[in-house]
2 protein chains.
Amino acid sequence: MTEKISDKSTSERLIEAAGVLFAQKGFANTTVRDICDAAGANVAAVNYHFGDKEKLHEAVLNYIVEGIKTKFPVNVSLGSDDPPGEKLRNMIRFFLLRRFDPDRPDWQGILLIEQFMTVHPKLVDVIREERAANVDAIRILIKQIAGKDIDDEAVDLCLGSIVGQCLFYILMHAPHAPIPEEEKIEMNHENIEKITDHILNFTLAGIKSKCEK
Amino acid sequence: MTEKISDKSTSERLIEAAGVLFAQKGFANTTVRDICDAAGANVAAVNYHFGDKEKLHEAVLNYIVEGIKTKFPVNVSLGSDDPPGEKLRNMIRFFLLRRFDPDRPDWQGILLIEQFMTVHPKLVDVIREERAANVDAIRILIKQIAGKDIDDEAVDLCLGSIVGQCLFYILMHAPHAPIPEEEKIEMNHENIEKITDHILNFTLAGIKSKCEK
DNA sequence: GACAATCTCAAACGTTTGTTTAATATCAAT
DNA sequence: ATTGATATTAAACAAACGTTTGAGATTGTC
């Protein structure tokens, strides 16, 4: 009698085992035998529960995206009457937390970032929709912060600066990033708040300097 | 009699064909048969000239790195007596040009960026060395711009903001980035200058706001 | 032209891969 | 207890892969 690795169902164990391995070694370098071993399942389990390896991949990505979208709806604060700087701060913070949520296993964030380089066709639409909405929201906030005298080109440049600053922390924690481990900032709640404040203030100063010309 | 695809040597043609395909589909998804077909060579050519597929990979990466390091030595301007803002501008500009050099085929930049996610062991040392030198240089410039009253933590936050802003443009042009093609800014010389100036000014304002607290 | 070194070629080899098969086990409902 | 749907298993399959082989072509040198 063999010991069960966890009390979850086989398909759940497969999704989580696959997620860890995909994040670790990439989709192409992970074999279904690896996955099934890690999940304590038979080699045929992937095909029985998901059809094939590709569909398991889709299931893993959906599993992550669904969780993140409900927990961190980036647009949530836009309806309130907070000042635009406060709203911008919320968006920056959620953007970082989507990758570094301490309550979520790290492989989920890693896998999502990897999709920046090689997006899965099934995810393209979901990501693009969300992206378009977020980009529009940030553009509006930038205009509100800057006042009226800022042209669209300048708005887009500022948009790039905001997103870029967030991307830095996301990328520097990619598992194979060429950065010595000891130089990586630990992304706990305290540091995330600190970084969020920095990005916000840095950005506010940058935007203001933009319309004083 | 079969037509030669180019007048370059077989090993050169293999490196360039492999580079294009690796950038397009990734190392694992590219077969040596694909490479040899594209290079107009026999399947055995990879093994004859490089030993195996992995060593060809290394050869491709070396081929790119050597070219970039000699053409864009990021530290080159640090010795001069230009004002620190000017030096920072040069570093930003070179950082962007390393990826977007209009005189260099695009796959070279793409392949290098992909290494951010899954660094090849043979490249880790080269990249880390360069990175450490560049990071030190930028830190010094930030301190010079800020004056004396800025602590090390603040310097590192500003460093992240600078690198992040550059990364944004590099990442948004990854071949599979979830960004509609029509929204990508064309990275020609004119726009690179424009973006460089923006990042510089945005950063200068950000740094100054940092030491007025 | 003869020789040796270098290179190219079609064919085949041994593994690894994702997938399928058919038999067996599990379990709820009647 | 029997039945039928669902799930798991060991074994095998076919295709694709990186690599090797041995024979032939090409090239440079004397």
Side-chain angles (χ1 to χ4, degrees), chain A residues 1-63 111 114 118 120-123, chain B residues 1-63 111 114 118 120-123:
Chain A
M1 174 178 177
T2 57
E3 202 71 34
K4 265 281 172 57
I5 284 181
S6 110
D7 54 351
K8 297 180 180 173
S9 73
T10 301
S11 59
E12 253 181 304
R13 276 181 289 133
L14 283 174
I15 285 183
E16 295 185 354
V20 173
L21 290 170
F22 289 164
Q24 215 167 69
K25 321 195 290 173
F27 177 78
N29 294 320
T30 304
T31 70
V32 311
R33 282 173 176 81
D34 285 345
I35 297 169
C36 293
D37 281 356
N42 185 270
V43 218
V46 165
N47 293 280
Y48 179 78
H49 287 278
F50 298 95
D52 57 19
K53 186 188 174 190
E54 190 60 40
K55 299 224 186 71
L56 169 59
H57 192 197
E58 293 173 19
V60 172
L61 293 178
N62 275 329
Y63 180 80
L111 246 194
E114 230 161 61
T118 52
H120 193 287
K122 280 286 158 74
L123 264 191
Chain B
M1 174 180 176
T2 58
E3 202 71 35
K4 267 278 172 60
I5 283 181
S6 110
D7 53 350
K8 297 180 179 171
S9 73
T10 302
S11 59
E12 254 181 303
R13 284 185 345 251
L14 282 173
I15 286 184
E16 296 187 352
V20 173
L21 290 170
F22 289 163
Q24 215 167 67
K25 320 196 290 176
F27 177 78
N29 294 319
T30 304
T31 69
V32 309
R33 283 174 175 80
D34 285 344
I35 297 168
C36 293
D37 281 357
N42 187 269
V43 218
V46 165
N47 290 84
Y48 178 79
H49 287 279
F50 298 95
D52 57 18
K53 187 189 175 189
E54 189 60 42
K55 300 224 185 72
L56 170 59
H57 192 197
E58 293 173 20
V60 172
L61 294 178
N62 275 330
Y63 179 79
L111 247 194
E114 228 161 61
T118 53
H120 193 286
K122 281 284 159 74
L123 265 191

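Every value quoted in this text rests on a predicted model; they were computed, and no experiment measured them. Worth knowing before you read on, the calculation uses all heavy atoms, side chains too, and leaves out hydrogens, waters and symmetry mates.
- Counting heavy atoms from C-beta on, the side chains of B:V32 and B:L56 never come closer than 4.5 Å.
- Rounded to an integer number of Å, the gap from OH of A:Y48 to P of D:dA10 is 17 Å.
- A:T30 comes within 4.0 angstrom of the backbone, heavy atoms only, and of no base.
- Summarising the geometry, the separation between CG on A:L14 and P on D:dT9 is reported as 11 Å, rounded to the nearest angstrom.
- For B:N42, a side-chain nitrogen or oxygen approaches OP1 or OP2 of C:dA10 to under 4.0 Å.
- Atoms CZ (A:F50) and C1' (C:dT20) sit 18 Å apart, rounded to a whole Å.
- Checking side-chain atoms of A:R13 against main-chain N and O of A:K8 turns up a donor-acceptor pair under 3.5 Å.
- The shortest distance between the side-chain N/O atoms of A:H49 and the OP1/OP2 oxygens of D:dT6 is not below 4.0 Å.
- The NZ-C1' distance, from B:K25 to D:dC17, rounds to 13 Å in whole Å.
- Of the candidates D:dT21, C:dT8, D:dG18, D:dT21 carries the atom nearest the B:A44 side chain, counting heavy atoms from C-beta on.
- Distance B:H57 NE2 to D:dT19 P: 14 Å, rounded to the nearest Å.
- Separating the CG atom of A:N47 from the P atom of D:dA11 is a distance of 18 Å, rounded to the nearest angstrom.
- Both B:R33 and B:A45 lie near DNA chain C, and the one whose nearest nucleotide falls closer to the 5' end is B:A45.
- Distances shown here put every side-chain N or O of B:T10 at or beyond 4.0 Å from the OP1 or OP2 atom of C:dC7.
- Between the CG atom of A:D37 and the C1' atom of C:dT16 there is a distance of 14 Å, given to the nearest Å.
- Between the C1' atom of C:dG18 and the CG atom of A:L56 lies a distance of 12 Å, rounded to the nearest Å.
- In this structure, the side chain of A:N29 engages the main chain of A:K25 through a donor-acceptor pair within 3.5 Å.
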Applying side chain to side chain contact (heavy atoms under 4.5 Å, CB included), run through A:F50 and A:H57 and close with a yes or a no. CA-CA 9 Å; A:F50 298 95; A:H57 192 197; over 6 Å; no
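- Counting heavy atoms from C-beta outward, A:D52 and A:N47 have side chains that approach closer than 4.5 Å.
- Between A:V43 and B:N29, the residue anchored closer to the 5' end of DNA chain D is A:V43, taking for each the nucleotide with the nearest heavy atom.
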